[in-house]
Amino acid sequence: MMNLDKILYKDELTKEEIIFLLSLEDSADQQKLFNRADQIRTTYCGNEVHLRGIIEFSNNCEQNCLYCGLREDNLSLQRYRMMPEEIIEAAKVISNLGIFTIVLQSGEDFFYDTHEISYIIYQIKQHADVAITLCLGERGFDEYREWKIAGADRYLLKHETANPKSYQVYHKKQRLIERLNHLRYLKTLGYQIGSGNMIGLPMQTVDDIADDILLCKDLDLDMAAFGPFIPSPHTPYQNKNAGDVDLTLRTIAVARLVLKNVHIPATTALATLDEDGRAKGLNVGANVVMPDLTPNPYRQLYQIYPDRKCINDNPLHCKACLQLQIESLGRKIADGRGDSLKLNDEPSRSLSKIN
Ligand code: 5AD
Ligand code: SF4
């Protein structure tokens, strides 16, 4: 018989204990888990919430992930690519809002070659005192190296599922082992790395989610993201059920218990499924919010899944709205870059510009 109160205060959790926590159904028990996760978040991350401004600069993708609206075979999606100068301009707008991480995100789009991405990174770094996170899918090892030299700080590559068989079903052309090799290589290059999974994908079990959390620990991530699956039209999974909000919240909470000093976002997918999703995530272990600040007319075309929350036209309104939400929780927006919690001393913003 598992003892909840004891487990919540253990330093290391076994897989069985993780499964037990993920499976809690009684609302008082869940609340105990959430409170403990919130406490651990306060200890390791404090009260600050880090904002990461996302620029989705291309919705073209050469992959065909079964769950994703950007998959190559989705011919009904209008595709776009932003030009380098537009991307650099969008980054300046974000940094002027006082958001000090820019996430450059796209499908796997090899239209942008190594040098073009390097140019964009370098130019942003010249003009704005920000950290740059790349989220471009699996690219070449040489490219990762060049982009690090050009000034990229972090790489986000979600593993999506730790179950190799499911991984192969969802991705066909790609293999889990390959993805993990990329993540490990990125880490050796000095990138701060982020990964994570989706909750509620077809075939997924609670056992799989426990493995996902343990894999995040094994990878020694700097950031771990857990967002619910949302069925997307014109994909093979269009008629499947969406992920469960409470299970997603329990996953965030258990991940905080297990991973401790990592950044964990309250994802846009969670905010899309539940209008209080962002606040709920921040209350059960999350310490990061990633607003989509892609300029129009592109933003509404980045349809990974439908009806994304916060398609707010005006970046100023978006920042003000987030500030209100975050302050109403008794938290505050961080004023630094929010580098890895695993780095001993976070480089000051001005120093990092010289480096
Ligand atoms: N629902 C929720 N998240 C999704 N992603 C892709 N498709 C979906 C979906 N249908 C997430 C994946 C991927 C990122 C681009 O978006 O985690 O890494
Ligand atoms: Fe492409 Fe990423 Fe969507 Fe897969 S999840 S189809 S790689 S954008």
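Whatever order the structure lists them in is the order used to number ligands and atoms, beginning at 1. Sequential numbering from 1 along the given sequence is applied to the chain's residues.
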Can you check whether Tyr155 and His182 have ring centres sitting under 6.0 Å from each other? no
Set of side chain to side chain contact (heavy atoms under 4.5 Å, CB included) partners for Tyr122, sequence neighbours left out: Gln126
Start with the C-alpha gap between Asn47 and Arg41, add the side-chain angles, then the distance that decides, and say whether side-chain hydrogen bond (donor to acceptor under 3.5 Å, both in side chains) holds. CA-CA 8 Å; Asn47 259 341; Arg41 186 271 308 157; 3.3 Å; yes
Under 4.0 Å from one or more heavy atoms of Tyr67, ligand 2 contributes atoms 5 (S)
Counting no waters, what protein N/O/S atoms lie under 2.8 Å from atom 1 (Fe) of ligand 2? Cys61 SG
Leu273 with Tyr237, same ILVMFWY side-chain cluster at under 4.5 Å: no
Using ring centroids (six-membered ring only for Trp), state whether Phe57 and Tyr112 fall under 6.0 Å. yes
Under 4.0 Å from atom 2 (Fe) of ligand 2, is there at least one protein heavy atom? no
Do Arg179 and Tyr167 have side-chain atoms, one donor and one acceptor, less than 3.5 Å apart? yes
SB check Glu12 Lys217 (cutoff 4.0 Å): yes
With sequence neighbours excluded, tell me which residues meet side chain to side chain contact (heavy atoms under 4.5 Å, CB included) with Thr114. Glu143, Glu146, Trp147
Please confirm whether His171 and Tyr67 have ring centers closer than 6.0 angstrom. yes
May I ask you to decide whether Lys158 forms a salt bridge with Asp212, counting only side-chain N to carboxylate O separations under 4.0 Å? no
What are the distances between nitrogen or oxygen atoms of ligand 1 and protein nitrogen or oxygen atoms, counting only those under 3.5 Å?
residue: ligand 1; atom: 1 (N); partner: Ile230; partner atom: N; Å: 2.9
residue: ligand 1; atom: 1 (N); partner: Ile230; partner atom: O; Å: 3.4
residue: ligand 1; atom: 10 (N); partner: Tyr67; partner atom: O; Å: 2.9
residue: ligand 1; atom: 10 (N); partner: Ile230; partner atom: O; Å: 2.7
residue: ligand 1; atom: 17 (O); partner: Lys158; partner atom: NZ; Å: 3.1
residue: ligand 1; atom: 17 (O); partner: Glu160; partner atom: OE1; Å: 2.8
residue: ligand 1; atom: 17 (O); partner: Glu160; partner atom: OE2; Å: 3.3
residue: ligand 1; atom: 18 (O); partner: Glu160; partner atom: OE2; Å: 2.5

